[in-house]
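Here the structure is laid out as structure tokens; the discussion comes afterwards.
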Amino acid sequence: MIVKTLPGRHLIAASIMFVASTMVNVCVAATVPANNQAEAQLASDAVDQERKSGGSVTTVTPKDPQTAEIAESLPLYSKIYDDKRDPFVDAVAAISLAGFTNRNVLIEIGGNWCTWCHKLDAFLEQNPDIYKALHENFVLLKVNVSDSNENADFMAGLPPVLGYPHMYVSTGQGKVILSKDTAEFLEDGSYSKEAWMTFIGRWQSANNEANTSLQASKPEQSQKASDDNTASTEQLQGQEID
């Protein structure tokens with residue numbers, strides 16, 4: 001187990017354990033909101049704080065009424081990339097909300113400079129059924145990575161990014177169970193509706209136990225295959241060639 005100490009972060013205890021180079025266990029000490037009213041107040045306070053700070057990032061209201069209604073209720077960290085936000089604080093809030101609402105956290109790494117990040121936002125807003133399913137099953141946490149702020153300390157506790165946007169799925173207890181290259185959602189150069197709906201269905205919180213067990217079994221399968229290959233090689237080397 002690798003324990004990462006974060007100076008000055010007295011409310012966050014982050015224990016990072018890599019399993020088969022794809023899984024990370026992050027245990028975060030967080031306070032769960034007492035009820036939906038408290039949850040709404042926290043989101044409102046976050047919006048007010050951002051407005052007071054004169055945030056340089058703005059949000060675009062989706063044109064579809066149903067999607068717009070969902071977007072209006074989302075925490076700010078679900079809607080924007082902002083190099084001034086603290087991802088550790090946002091992660092505590094997102095994990096707390098996910099645990100309270102029986103959802104997983106979908107961590108999206110990117111930035112306002114990222115063309116494909118904007119394409120992904122547009123795709124989700126143009127497909128209300130996917131947008132609705134996504135936010136019903138996940139708390140979306142956008143984390144900025146840019147020249148102005150690479151958020152290196154936060155990113156050091158996660159598996160490597162393969163491209164942008166990159167995604168991780170975490171449980172409501174802070175256990176990262178998937179590192180996802182969003183290029184896998186592409187079909188003929190565009191995001192695939194089928195791929196997204198399949199992803200949402202598989203990685204929703206109801207399947208956490210099954211997905212975790214499957215991930216844990218992969219190292220054993222890989223080791224068995226390696227052992228079988230070694231045995232076959234040794235057998236061939238022991239044969240005499242006529």
Side-chain angles (χ1 to χ4, degrees), residues 6 9-16 24-51 53 55 57 59 61-62 66-82 84-110 120-121 124-125 130-144 151 154-155 157-158 165-180 199-209 211-212:
L6 306 175
R9 308 279 179 182
H10 302 296
L11 295 179
I12 302 176
S15 299
I16 304 168
V24 179
N25 187 36
V26 182
C27 300
V28 181
T31 302
V32 177
N35 49 46
N36 288 333
Q37 185 175 2
E39 173 191 316
Q41 185 60 49
L42 287 172
S44 176
D45 290 345
V47 172
D48 289 342
Q49 182 179 1
E50 184 66 20
R51 287 172 178 167
S53 70
V57 182
T59 59
T61 302
Q66 185 181 30
T67 305
E69 184 178 357
I70 296 172
E72 181 66 24
S73 67
L74 296 177
L76 204 58
Y77 58 71
S78 296
K79 297 191 284 187
I80 65 172
Y81 291 110
D82 188 348
K84 296 180 178 61
R85 294 189 71 86
D86 186 333
F88 289 100
V89 173
D90 286 344
V92 170
I95 291 171
S96 174
L97 179 57
F100 185 68
T101 55
N102 296 315
R103 288 181 284 173
N104 279 341
V105 179
L106 184 62
I107 306 171
E108 183 180 324
I109 310 297
L120 177 56
D121 285 343
L124 293 174
E125 291 169 3
I130 300 176
Y131 191 95
K132 181 173 183 291
L134 175 67
H135 291 289
E136 283 181 346
N137 289 283
F138 296 91
V139 174
L140 181 60
L141 169 60
K142 291 192 172 187
V143 176
N144 174 84
N151 280 314
F154 185 85
M155 296 305 301
L158 293 168
H166 190 89
M167 292 183 168
Y168 304 96
V169 174
S170 166
T171 68
Q173 292 71 47
K175 182 175 185 177
V176 177
I177 56 176
L178 178 70
S179 175
K180 180 73 171 178
F199 168 81
I200 293 170
R202 176 179 175 183
W203 292 99
Q204 60 181 289
S205 62
N207 297 329
N208 283 350
E209 185 175 351
N211 285 328
T212 302

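- Using cut-offs of 30° and 60° on the angle between ring planes, the pair F88 and F154 is perpendicular.
- Looking at Q204, its side chain does come within 3.5 Å of a backbone N or O of G201 through a donor-acceptor pair.
- Between I70 atom CD1 and Y131 atom OH the span is 6.5 Å, to the nearest 0.5 Å.
- Note that the CG atom of L124 and the NE2 atom of H135 stand 7.0 Å from one another [nearest 0.5 Å].
- Atom OH of Y168 sits about 12.0 Å away from atom CG of L141, to the nearest 0.5 Å.
- Scanning for side-chain contact (heavy atoms from CB on, under 4.5 Å) contacts around E108 gives Y81, L120, D121, L140, K142, P165, M167, with sequence neighbours left out.
- When all heavy atoms of T171 and V105 are compared, the pair lying nearest together is O-CG2, 4.3 Å.
- Looking only at side-chain heavy atoms (C-beta outward), K175 and N208 stay at 4.5 Å or farther from each other.
- In plain terms, the two heavy atoms of K79 and L74 that are nearest each other are CE-O, 3.6 Å.
- Rounded to the nearest 0.5 angstrom, S170 OG and I107 CD1 are separated by 5.5 Å.
- Counting all heavy atoms, side chain and backbone alike, N151 lies closest to R85 at OD1-O, 4.4 Å.
- Other residues, nucleotides and ligands contribute over 12 non-hydrogen atoms within 6.0 Å of the CD atom of E136.
- Across all non-hydrogen atoms, the minimal contact from A98 to G172 is CB-CA, 4.0 Å.
- Proximity of Y77 to L97: side-chain heavy atoms (C-beta onward) are separated by under 4.5 Å at one or more points.
- Nearest heavy atom pair, residue N137 against residue R103, reads O-CB, 3.4 Å.
- Between N144 and D82 there is no side-chain heavy-atom pair separated by less than 4.5 Å.
- Scanning all heavy atoms of the two residues, the minimum distance from N104 to W203 falls at ND2-O, 2.9 Å.
- Remark: side-chain polar atoms of N102 are not paired, donor with acceptor, to backbone N or O of S205 under 3.5 angstrom.
- Side-chain atoms of K180 do not come within 3.5 Å of backbone N or O of V169 as any donor-acceptor pair.
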